[in-house]
**Q** 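Take this structure, written in structure tokens, and hold onto it; I'll ask about it next.
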Number of protein chains: 2
Amino acid sequence: MTQTTEKTNLADIAYRLLKQDITEGAFLPGDKLLMSALRERYEIGAGPMREALSRLVAEHLVTAASQRGFRVARMSVDELKDIYFARASLEAMIAELAVQRGDDEWEAGVIAAAHTLSRVTELQSEEQMLGLWDARHKAFHDAIARGCGSAKLLELRSTMLDQAERYRQLWLRRTVFSTAALELKQQEHSALLQALLSRDSHEVREKMFDHMMNPIPIITRILSERGLTGGAQTA
Amino acid sequence: MTQTTEKTNLADIAYRLLKQDITEGAFLPGDKLLMSALRERYEIGAGPMREALSRLVAEHLVTAASQRGFRVARMSVDELKDIYFARASLEAMIAELAVQRGDDEWEAGVIAAAHTLSRVTELQSEEQMLGLWDARHKAFHDAIARGCGSAKLLELRSTMLDQAERYRQLWLRRTVFSTAALELKQQEHSALLQALLSRDSHEVREKMFDHMMNPIPIITRILSERGLTGGAQTA
DNA sequence: AAAGTTAAAAATGTAGATATTTTTCACAAA
DNA sequence: TTTGTGAAAAATATCTACATTTTTAACTTT
């Protein structure tokens, strides 16, 4: 047996689908998540659906008010700033640890990921290009973080990533489709890599922090342009 | 109306009760959490009970296997070390930030909490003494952390505290009921406070990290003495 | 307009049906 | 006797359908 089909229950499936739908924008911030609508959409009973929703509440992607149902969590500039700051602080700390504790295998992994990322060219369709760059960019950062050696810290990192995901999606399009922005990112990445290979943990920490804080002004602007924070949805 | 009774649903109540029961040891690590038993204990239907359980799974206090039900998460020395390291790293970072960003009000709060903590005397019963010291000790650390100014970082801190709680309970008794250990803690606290008042953020970071890592050997010993990790529970 | 009343809509909870896993136990082979 | 196998039974988890409670919103009435 190579890879069991990983049995899951319905609540689990609904959880994943809804999470994806929210981060991909199928439901917008502030939208009411009607039980009947969700049950129909995911072809599922109310019990498992509730279970999925309550998990997303724990992750702050959904808000709940007792007897009044669920809504997609609002987005705000304040939350953006807080999430990105916390994430940058954490990621910087993890990177510093990784430089201090990472072994040769880790270093090799980082170099490989950096190389793969630098080779994303605009050959395919724009949407494919977006997906590929995003995947490899994530892989690059994952490769760095992995070296910290703490499963719990990586877990915290992962929860922050989930919370940032909706904001990050906004930034992604602006960055990948702008040659200038993309080149700036490439520069930051190679500077990061250099500091990393020279095992200058303090330098890595600072560079990583700045790298992670960079998107804030861009996303702030996007949020202001279209009021995507979820104001007065009635339905 | 001064303070609404904060309406909650049954799943919420069950969540809190079960969480308390687990951290207080009413259910031991590795114990099977039988649906029928839980429903009877908390006088609740299967739906809400499931909801409560799945929230605790997200917090790593309970493990789930599809179609095979739930168990209290095992404890291990490895996990202890990982949790405490991650927690110490995070707390140290938060404390450093607090020193850099905390205002006068924050400083006053810390001083007040430190004073209250230092005045816990052994007048009442031992159990009461334990509870009081624990509450004030937590309040002291909370007062410090609050200054970091990031709600998300405080949230991360809180999730780590939850995960550490079962291990921390083991440490607590050993510390509070040993005059030597308690005095050592007092010393660490006042050293921490001093560094904090002199606004030496680097010093605070180091002291906080050490302070948080201290309990690991003690807890490791306790875990080894009694095999409280949850081995071969059948029922 | 403001406040009260009532009907529809929606969330929450329970009970029972269904599916899965685990245990039991009889029987056969070593 | 011990060990292994397999089928039946029991225990258990999971899901759906229905009942109950609460909220929302429309409609009066003052």
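By convention in this document, chain letters (A, B, ...) are assigned in the order of the sequence lines, proteins followed by strands, and residues within each chain are numbered from 1.
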**Q** Can you tell me how far C1' of D:dT24 sits from CZ of A:Arg71, to the nearest Å?
**A** 12 Å
**Q** Kindly state each residue pair satisfying ring pair (Phe, Tyr, Trp, His ring centres under 6.0 Å) with at least one member in residues 139-160 of chain A, sequence neighbours excluded.
**A**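 Output for this query lists A:His137-A:His141, A:Phe140-A:His189, A:His141-A:His189, A:His141-A:His211.
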**Q** For B:Leu38 and D:dA13, give me the distance from atom CG to atom C1', rounded to whole Å.
**A** 12 Å
**Q** Using the test side chain to side chain donor-acceptor pair (under 3.5 Å), find all partners of A:Glu225 that sit at least two apart in sequence or belong to another chain.
**A** A:Arg174
**Q** Any salt bridge (charged side-chain N to carboxylate O under 4.0 Å, His left out) involving residues 82-95 of chain B? Give me the pairs, sequence neighbours left out, ordered by first then second residue.
**A** B:Glu91-B:Arg157
**Q** The criterion is side chain to side chain donor-acceptor pair (under 3.5 Å); which residues satisfy it with A:Arg168, sequence neighbours excluded?
**A**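 With sequence neighbours excluded, A:Arg168 shows a side chain to side chain donor-acceptor pair (under 3.5 Å) to A:Asp134, A:Glu165, given in chain and number order.
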**Q** Just by protein heavy atoms under 4.0 Å, how would nucleotides 10-17 of chain C read 5' to 3' in B, S and -?
**A** SSSSB---
**Q** For residues 34-48 of chain A, dump all side-chain donor-acceptor pairs below 3.5 Å to protein atoms at least two apart in sequence or in another chain.
**A**
from, atom 1, to, atom 2, distance (Å)
A:Arg41, NE, A:Asp21, OD2, 3.0
A:Arg41, NH2, A:Asp21, OD2, 3.2
A:Tyr42, OH, A:Asp21, OD2, 2.6

**Q** How many whole angstroms separate atom CE of B:Met49 from atom P of D:dC15?
**A** 16 Å
